[in-house]
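Per chain, numbering begins at 1; letters A, B, ... match sequence-line order. What you see is a predicted model, and the numbers here were worked out from it, not measured in a lab.
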2 protein chains.
Amino acid sequence: MSAKVEKILERLQTTNTLDDLQSLIEHIRDTYDTEHVVYHSVSGSGQQYGALTYAPEWVDYYLEQNYTRLDPVVLGAIKQFNPMDWKRLDWNTPTKRNFLGEAISAGLGNQGYSVPIRGPNGQFALFSVNMDMNDDRWAKFTNERASDFLLLSHYVHERANRITGETDSFTMRDLSPREHDALAFLGMGEARSRIAEKMKISEHTLRVYIDSARFKLGAANTTHAVALAVSRGVVVL
Amino acid sequence: MSAKVEKILERLQTTNTLDDLQSLIEHIRDTYDTEHVVYHSVSGSGQQYGALTYAPEWVDYYLEQNYTRLDPVVLGAIKQFNPMDWKRLDWNTPTKRNFLGEAISAGLGNQGYSVPIRGPNGQFALFSVNMDMNDDRWAKFTNERASDFLLLSHYVHERANRITGETDSFTMRDLSPREHDALAFLGMGEARSRIAEKMKISEHTLRVYIDSARFKLGAANTTHAVALAVSRGVVVL
DNA sequence: CCCCGCCTCCCCATTTATGGGGAGTTATAA
DNA sequence: TTATAACTCCCCATAAATGGGGAGGCGGGG
C-alpha cells in the first residue's frame with residue numbers, strides 16, 4: 001500500500017461526521033494534487049449523498065437538471081466493473097456534448113477517472129478524480145494510482161455508509177425458497193401458468209408465494225416486488 | 001501496495017485460461033501460506049464459475065446439496081459490503097452447524113475471511129481465504145492483509161471475467177427518456193393509471209412506451225422488462 | 001406440547017395488462 | 001428532402017393479475 005493511502009486511511013479512522021468526510025475528500029484532492037475529487041452514493045432506497053469539491057453552483061445545477069440520467073460517467077460506471085477513464089466513454093450525442101461543455105465551464109478538468117462501488121441492496125457509488133492534464137501524463141498518473149484509488153473508494157464508501165447510517169447488513173424478513181424461486185421466475189419473464197408448471201405446483205399456490213413475497217418486501221404489486229428483489233440482490237437473474 | 005500483491009498482479013497479467021487462473025489461486029494460497037483460497041463467481045445470467053483449492057469431493061457435495069442456499073458465508077456476503085470474518089457470521093441453526101461440521105471434516109480450517117465482489121448486471125463473486133489458526137493470530141493476520149485481499153479480489157475477478165468472456169460493458173438499444181421514466185415508475189410499484197397521471201400523458205400513450213421498452217429490452221412482459229432494466233442498471237430505483 | 005412459518009390446494013368477483021389494430025405531430029439525422 | 005425515431009392519442013377483445021375469502025399437513029424452535 002502506498003504511503004499516501006496509508007496516511008489517508010489513518011485520517012479516515014477519525015472521520016465521524018459528514019463535515020469530516022467533506023474535508024477528507026478535500027484532503028485526498030490535495031494529497032494527489034488533482035483538481036477535483038468526488039464521492040457520490042445512491043443507496044438502494046434512492047437516498048443520495050455526496051462529498052465533493054465541485055463548485056456548489058454546478059452541483060445544484062446538475063441535480064436540478066437531473067443530469068444523473070444522462071451523465072456518461074454515471075451511465076458508463078453502472079455498466080462496468082472496472083474503474084474507467086472518462087475519455088473512453090460515449091460523448092457522441094448532442095446532449096452529452098452539451099453536458100460536457102457545461103461541465104468544463106463549471107471548472108472541471110478535461111481528464112477524469114471513476115471507480116464504481118457496489119454494495120448490497122443495489123447500493124451504488126462513484127469515486128472520481130478530475131483534473132486538467134494531457135493524455136500521456138494522465139495515463140501514467142492513473143495507471144500508477146489505480147490501486148490507491150481502488151482502496152480509497154472502498155474505504156471512503158465504507159466510512160460514508162457508517163456515517164449516514166446505511167446498515168451494512170440488510171434487515172428484511174428472508175424470502176422462503178419457494179418465494180425466492182417464484183420471484184426469480186417472474187424476473188425471467190415467465191408467465192404464472194408456466195412458473196406453476198416448472199415449480200410443479202398449482203397456480204393458486206404460486207399466487208400465495210407471490211403474495212407473501214410481495215408482503216415481505218413491502219411491494220405494491222408483482223412488478224414492484226421483482227424490482228425490489230432484483231435491486232437488492234435477493235434474486236439474481 | 002505490498003510486494004506480495006505486486007508479484008501476484010504481475011503473474012495475473014499472463015493469466016489467460018481457466019487453468020492459469022486455477023494455478024494462480026494456488027499460487028496465492030502458497031504466497032500467503034493459507035490452507036485454502038477460493039474464488040467463486042455467479043454472473044447475472046446465473047452462470048457459475050469457481051477456482052479454488054478445496055477437495056473436489058467437497059465441491060461436488062456442496063453443489064449437489066445446493067449449499068449456496070444455506071452457507072452462512074454466501075448468505076452473509078450477499079448482505080454485506082465489507083469483507084467479513086467467518087466467525088462473525090450466524091452459525092446458530094442446526095442445519096448451519098451441521099454444514100460447518102461437514103466443512104471441517106472436508107479439510108477446511110476453522111478460520112475464514114471473505115471479500116464480496118459485485119459487478120454490473122447483478123454479478124456477484126466471493127474471494128475467500130481459509131486456514132487453521134487461533135483467534136488472536138488470525139485477527140492479526142487478516143488485519144494486516146485486508147488491503148491485499150481487497151486488491152486481489154478485484155483483480156482476480158476482473159481477470160476471471162475476461163477469461164470467461166463476461167462482457168464488461170453492456171450494449172443495448174438505449175431507452176428513450178419517456179420509456180426510461182415509465183420503467184422507473186413501474187419499478188417503484190406505481191400502477192399504470194397513476195404513472196400516466198404523473199407523466200401527464202394518457203394511459204394509452206404510456207402503454208406505447210412500456211411496449212416499446214419491452215421490445216427494446218427483449219422482454220416477455222412488463223415485469224420482465226423492469227427486472228432487466230433494474231438488473232442492468234438502466235433504471236435505478 | 002404448542003405455535004409459527006412453510007407448503008399445498010380451492011372459489012368468486014373485479015381490476016389491470018396485453019394483443020392487435022390505426023393516426024398525427026415534431027425534431028433530428030442522413 | 002426524406003427517412004427515422006420519439007411523442008402523443010384512440011378502440012376492441014381477451015388474457016392475466018389482484019383482493020378477499022378458507023383449509024389442511026408438516027417440521028422446527030421455545
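- In this structure, A:Ser176 does not reach the C:dG5 phosphate: none of its side-chain N or O atoms is under 4.0 Å from OP1 or OP2.
- Nucleic acid contact for B:Ser193: none, since no nucleic acid atom lies under 4.0 Å from a heavy atom of the residue.
- B:His157 has its ring centre less than 6.0 Å from the ring centre of A:Phe81.
- The side chain of A:Arg178 places no N or O atom within less than 4.0 Å of a non-bridging phosphate oxygen (OP1 or OP2) of C:dC6.
- At whole-Å resolution of the value, NE2 in B:His180 and P in D:dA6 are 14 Å apart.
- In the model, B:Trp86 has no side-chain atom that pairs as donor or acceptor with a side-chain atom of B:Asn130 under 3.5 Å.
- Atom P of nucleotide C:dT15 and atom CZ of B:Arg194 are separated by 15 Å, given to the nearest angstrom.
- Whole-Å rounding puts the B:His224 NE2 to C:dT18 P distance at 13 Å.
- Side-chain contact of A:Thr223 with B:Thr223: a donor-acceptor pair under 3.5 Å is present, judged by distance alone.
- We find that CD of A:Glu190 is positioned 12 Å from P of D:dA17, with the value rounded to whole Å.
- With respect to A:Arg207 and A:Glu203, no salt bridge is recorded, no charged nitrogen being found less than 4.0 Å from a carboxylate O.
- Rounded to whole Å, atom C1' of D:dA16 lies 13 Å from atom CZ of B:Arg214.
- A straight line from CG of B:Asn221 to C1' of D:dA16 spans 10 Å, rounded to a whole angstrom.
- By the 30° and 60° cut-offs, the orientation of the rings of A:Tyr54 relative to A:His36 is perpendicular.
- Between A:Glu179 atom CD and C:dC7 atom C1' there is a gap of 10 Å when expressed in whole angstrom units.
- The CG atom of A:Leu186 sits 12 Å away from the C1' atom of D:dA16 (whole-angstrom rounding).
- Here A:Arg88 does not pair with A:Asp85 in a salt bridge; the nearest charged N to carboxylate O distance is not below 4.0 Å.
- If you check the side chains of B:Gln123 and B:Asn161, you find a donor sitting under 3.5 Å from an acceptor.
- A heavy atom lying under 4.0 Å from DNA chain D marks the following residues of residues 195-213 of chain B, by number: B:Ile201, B:Ser202, B:His204, B:Thr205, B:Val208, B:Tyr209.
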